[in-house]
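Working notes, beginning with the structure itself.
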Amino acid sequence: MARVVGTGMLTILEDQHQFILHHQVMQQQTDDQVTVEMLTQAKKRFPKLSVCSFDKGFHSKENQIALKEPLKQVVMPRKGKLSQQAKEEEQAPAFVKARRAHSAVESAINGLEVHGLDVCRDHGIDGFKRYVALAVLARNIHRIGAILWQLDAARELRKNNYAQRYKLAA
């Protein structure tokens, strides 16, 4: 499952393991204008992508229709007052589960700021795009390090548990 969040200038697509799969700096565009293009590019690189959760800013009728075909499930909350049919769709257990998992992507924006995107020392849009790309790279490398650290900690715990059992048996 992938999650998409937009901040007004930047849109990112994150997978269930918290790796950023795609990012896009938007120039004079809104979230709903880049949705289909962004997902099409991501789907080319990651063909197994089948479920995607979006913020409300990405919703439009055209996006709902265009994303139904390439994805098994599109979690795109509607803006404004909901019709009865829309309420039923958004209260379905699968929709609710995917929507709850969506909040994790908000931390990715904060992670990007922590990894260099809080201050852009370069000038112009090209410099900003370069900073975003480097922040995404740093965030993904940091995520790999966190996974390796967890594996190492689990291995150390198993080793200590084995040593304790061996001492008791002797």
Side-chain angles (χ1 to χ4, degrees), residues 1-118 120 125-126 128-144 146-147:
M1 181 178 132
R3 299 176 290 262
V4 181
V5 68
T7 65
M9 276 201 68
L10 176 65
T11 302
I12 63 168
L13 176 83
E14 185 182 57
D15 72 355
Q16 71 271 19
H17 304 292
Q18 299 170 344
F19 286 102
I20 297 175
L21 304 178
H22 182 79
H23 70 279
Q24 182 173 349
V25 175
M26 297 180 291
Q27 295 176 263
Q28 300 175 348
Q29 294 173 310
T30 58
D31 293 339
D32 61 329
Q33 294 171 337
V34 299
T35 306
V36 176
E37 176 193 344
M38 181 187 61
L39 200 70
T40 304
Q41 291 176 8
K43 189 79 170 150
K44 285 179 188 173
R45 282 188 245 134
F46 305 100
K48 291 185 180 181
L49 181 65
S50 62
V51 178
C52 198
S53 171
F54 296 88
D55 281 347
K56 281 187 178 187
F58 291 92
H59 180 266
S60 73
K61 289 181 182 178
E62 297 81 23
N63 289 346
Q64 285 277 12
I65 294 167
L67 297 178
K68 290 269 187 206
E69 181 204 332
L71 297 174
K72 285 183 190 174
Q73 183 183 14
V74 179
V75 179
M76 189 179 295
R78 290 168 175 82
K79 302 173 189 174
K81 188 170 179 165
L82 301 178
S83 67
Q84 187 62 33
Q85 180 187 0
K87 276 185 188 178
E88 289 172 7
E89 287 176 18
E90 291 191 16
Q91 291 174 351
F95 190 98
V96 171
K97 182 180 177 183
R99 188 73 186 131
R100 285 191 180 139
H102 182 81
S103 62
V105 75
E106 299 290 343
S107 69
I109 296 293
N110 185 45
L112 288 176
E113 289 177 356
V114 167
H115 294 99
L117 200 57
D118 54 344
C120 181
I125 191 68
D126 291 333
F128 181 68
K129 287 180 180 180
R130 190 170 33 252
Y131 259 70
V132 169
L134 289 171
V136 167
L137 177 65
R139 169 74 176 171
N140 285 342
I141 290 172
H142 185 268
R143 184 68 191 127
I144 291 169
I147 291 170

* **Exam field: side chain Q18 to backbone R143, donor-acceptor pair closer than 3.5 Å** => no
* Can any side-chain N or O of D15 pair as donor or acceptor with the backbone N or O of L21 at less than 3.5 Å? -> no
* Pick one: which of L10, L137, I12 meets side-chain contact (heavy atoms from CB on, under 4.5 Å) with V132? -> L10
* Rounded to the nearest 0.5 Å, what separation is found between the CG atom of L13 and the CE atom of M38? -> 5.5 Å
* Structure fact -> On a heavy-atom basis, the closest approach of M76 and F54 is CE-CD1, 3.7 Å
* side-chain contact (heavy atoms from CB on, under 4.5 Å) with E37: which residues, sequence neighbours excluded? -> Q24, Q41
* Asked: Listed by chain and number, what are the side-chain contact (heavy atoms from CB on, under 4.5 Å) partners of N140, not counting sequence neighbours?
  -> F19, I20, V136
* **Spacing of K61 atom NZ and Q64 atom CD [to the nearest 0.5 Å]** => 10.5 Å
* By side-chain contact (heavy atoms from CB on, under 4.5 Å), which residues pair with E69, not counting sequence neighbours? -> none
* Set of residues satisfying salt bridge (Lys or Arg N to Asp or Glu O under 4.0 Å) with respect to E89, sequence neighbours excluded -> R78
* Point-to-point distance, once rounded to the nearest 0.5 Å, from CD of Q33 to OG1 of T11 -> 10.5 Å
* To do: For side chain to side chain contact (heavy atoms under 4.5 Å, CB included), just list the numbers for L39 and L49, CA-CA rounded to whole Å, side-chain angles, deciding distance to a tenth of an Å, and then say yes or no.
  => CA-CA 9 Å; L39 200 70; L49 181 65; 3.9 Å; yes
* Structure fact -> The reported gap from OG in S60 to CG in L67 (rounded to nearest 0.5 angstrom) is 8.5 Å
* From CE (M9) to CD (Q29), nearest 0.5 Å -> 11.0 Å
* To do: List in chain and number order the residues that pass side-chain contact (heavy atoms from CB on, under 4.5 Å) with T40, two or more places apart in sequence or in another chain; answer none if no residue qualifies.
  => V36, K44
* **Spacing of SG belonging to C52 relative to CD belonging to E14, to within rounding of 0.5 Å** => 11.0 Å
* Asked: Among all residues two or more places apart in sequence or in another chain, which pass the side chain to side chain donor-acceptor pair (under 3.5 Å) test with K129?
  -> Q27
